[in-house]
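Proteins get letters first, then strands, A, B, ... in listed order; numbering begins at 1 in each.
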Amino acid sequence: MRNGFAGLALALTALAAHAQEVYPSRPITMIVPFPPGGVADITGRPTAAALEKVLKQPVTINNRPGAGGKVGNAAVANAKPDGYTIMMALSSVSVLPEADKLFEQKPAYTLDQLAPIALITADPVILVVHPSLPAKNLAELVALAKAKQGQLSFSTSGVYGALHLPVEMFLHAFKLKMRAVHSTGGGPAITMVLGGHVEMTVGGPASISSQVNAGKLRPIVGWGAKRHEAFPHVPTFKELGHDVEYYIWAGIFAPKATPEAVIKTLREATKKAVEDADFRATMARVNSPVQYLDAPEFAKYWAADAKRLAEVVKVIGKVEEQK
Amino acid sequence: MDGVFGNLMLGFSVALQPSVLAYAFAGCVIGTLVGMLPGLGPLAGISLLLPATFGLDPIVAIVLLAGVYYGAMYGGSTTSILMRIPGEAASVMTCIDGYAMTQRGRAGPALAIAAIGSFVAGTFSVVALMLLAPTLATFALRFGPPEYTALLTMGLLVLSYMSGGSMLKTLAMATVGLLLGMIGIDAMSGYTRFSYGQTELADGIGIVPVAVGLFGLSEILMTAGQAATPPAQRPTLRQLIPSADEMRLSIGPIVRGSFIGFLIGIIPGAAHIISSFVSYGIERRISAHPERFGQGAIEGVAGPESANNAAATGAFVPMLALGVPTGPITAVMLAAIMVHGIAPGPMLITEQPQLFWGFVASMYVGNVVLLVLNLPLVGLFVNLLRIPYSYLYPAILCFCVLGVYSVGNSVMDVWIMLVMGGIGYVLRKFQFDLAPVALGLVLSPMLELSVRQSLAMSGGSYRIFLERPIAIGMFGAAAVLILLALKPLVFKSKDWRSDVGLDE
């Protein structure tokens, strides 16, 4: 089921043949390129709710998972640029085309097909293991992984996805080998660890907090420059002396050719939406405080991040699937 | 136990307030209407209504959404039974015998039994959810990629096994479905496959256009090919009510369907549609008269409809007990809760008892309201059949096109539907079973992903499928099913079930 109502409304509107319409005059679809349970979905739903209040039109979430977010990203990149299809994407949006280059395949979309609207959140990811794993800290985990080189496994949100890249950075820095089990998003990746099917994964605070608090997952180490407020006891790679840093950010995008006026409306609406008290409270509750940046600043942030991650992809190189 | 009932009373005291009941009614009406449009299912219904609930009390919000949810589930079966148009994958099985009943003038009983079956299954699942959620959820987590692979394989084989006649044809159709499911961006590696440069195809082929084309359009074409126009029906009151016989035949399928559906529903992942296929397969096999299936057997409506509803409720188990979202519908429900300042997670039931019990109570209420609302409406819906075919079918065609377009705003989907309609027509002329195509299409991406995930877990060793008890059990069951299906080919004897009296 994709988003039916927006389409039906479109069909009906088309029948009514509105000549002059003021944006937005019908429901907006926000594509989340992952299944529920991950950072993009957890951030996207409250954001959509807050945008709705400002735009006075329903903003419905449409989960389009697949290939680390590539399916949904490509869908938005190629969508009709009318402002009725927008996206809540993760940092992986700029990594996936890089990986395509690496494998010399035609990218499913390119970055210049997307227009950044606003950054909503940016959090360091945190490594979590199943509580039954003997490793209690990074040193023990590394020792365990060394002893069982190539035996431990971790789940990801998809190859070169937002949860895969940080693990590869970690493995690369410590010269470790593990089995990567790719799923389609943070939700399934975490479920796999909860069920004990893989030993570990990483996650943004929004997607792991409740499980960590309930003792169902054990946090080991974070990728931030400093410790995350919600996890004061979890050290970072940086403070342990390793140059491993990664942030999972969630931002709103629209197709590049969306008219300037529509983009302006979306930007202004987002600006108001992130000030919404309910929205701020919801994001604070999932330990993912709002880090709003408007389009120009977000574009700069994105460009710098994309450049850095492209380097990381080159360093890590091709990650082959185990057959 | 006292605690459970005390809590439940607390929940009901909220859910039964007149204003809350009014919302439940409104939700069911909206849901039923949305569900009746081809292509628009429960998800579209509740996504649309979600914003309207933000200003409401959390319990009211969930009652309203639960109403829409149940309503849309039921609305989907209405079009399947009356017009052979499956609103979504889960209604595909209902189409087959439901529509056959309509052609025999038994549309009323089919609709009534679908409503009753949904009600029983819904209630059963809510009770199971209430009493067993934490225990079951822990079990559900044990389903990793290898178990998932085994479950999906078993699902496909159950389907092949159930069409006793030509297993070859069924397997061929399942393969066609699996191959169609390969189109689009590979969920694992990200390679685009078989899209021939069409960006719309990169997203894969959706189940709705395929199901509407294969089942709905092909039916219109078949009717157009008949020598004489079938006369419009004039249902009498007696024809609206299920006969004692039909009621009796439905009890077993409803009970079994509820049970199977609930168990499949609690497994995280999106394999819920297997429940309706498995239920249909089982009913057909244990029936004393399997030849009636496909010709309008009430069991073929009662079982899958119950299973489908039970699975939908079962999906809430991992969400409520573990904070593990199982699909977009539970995510929308979760969002409705989150907006009210409640963070979902493994502690939800202990930390927010009033919410959990309110949720449980509102599901009961939604179920009852749906039954009360829809049984009288059966008469109204059946009267749609009074419209002469020359007017009815063009209207249906129009709704199919609109509905399928609106699912993804994609003209490509409309083309897929039209092509599938043509293919469906030809295949039906050659007596191929079409349900396996739909099942294969839906299962293909999941099956591929879970096989590859399993192999990634084991470092490439296929032994992983034989090292895990749940997976072994299900593969074993699948092997037995194959052997049973092969048996009539080897020994020209009757099916063993007819000898031991496992039938009704």
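Looking at every heavy atom in both residues, P145(B) comes nearest to M192(A) through CG-SD, 4.2 Å. Here the closest non-hydrogen pair linking A456(B) and A180(A) is CB-O, 3.4 Å.
Applying the 6.0 Å contact sphere to OH of Y109(A) captures more than 12 heavy atoms from other residues, nucleotides or ligands. Within 6.0 Å of CZ in R193(B) there are more than 12 heavy atoms belonging to other residues, nucleotides or ligands.
Neither the backbone nor the side chain of T85(A) comes within contact range of chain B; no heavy atom of the residue lies under 4.5 Å from a heavy atom of that chain. Contacts between A108(A) and chain B at a heavy-atom distance below 4.5 Å involve the side chain alone, from C-beta outward. For a residue to count as touching a neighbouring chain, one of its non-hydrogen atoms must lie under 4.5 Å from one of that chain's; by this rule D41(A) touches chain B with the side chain only.
The OG1 atom of T184(A) lies 7.5 Å from the CD atom of Q453(B); values are rounded to the nearest 0.5 Å.
Every side chain to side chain contact (heavy atoms under 4.5 Å, CB included) that S444(B) has, sequence neighbours left out, goes to L178(B), M182(B). Every residue two or more places apart in sequence or in another chain was checked for a ring-ring contact (aromatic ring centres under 6.0 Å, His included) with H197(A), and none qualifies.
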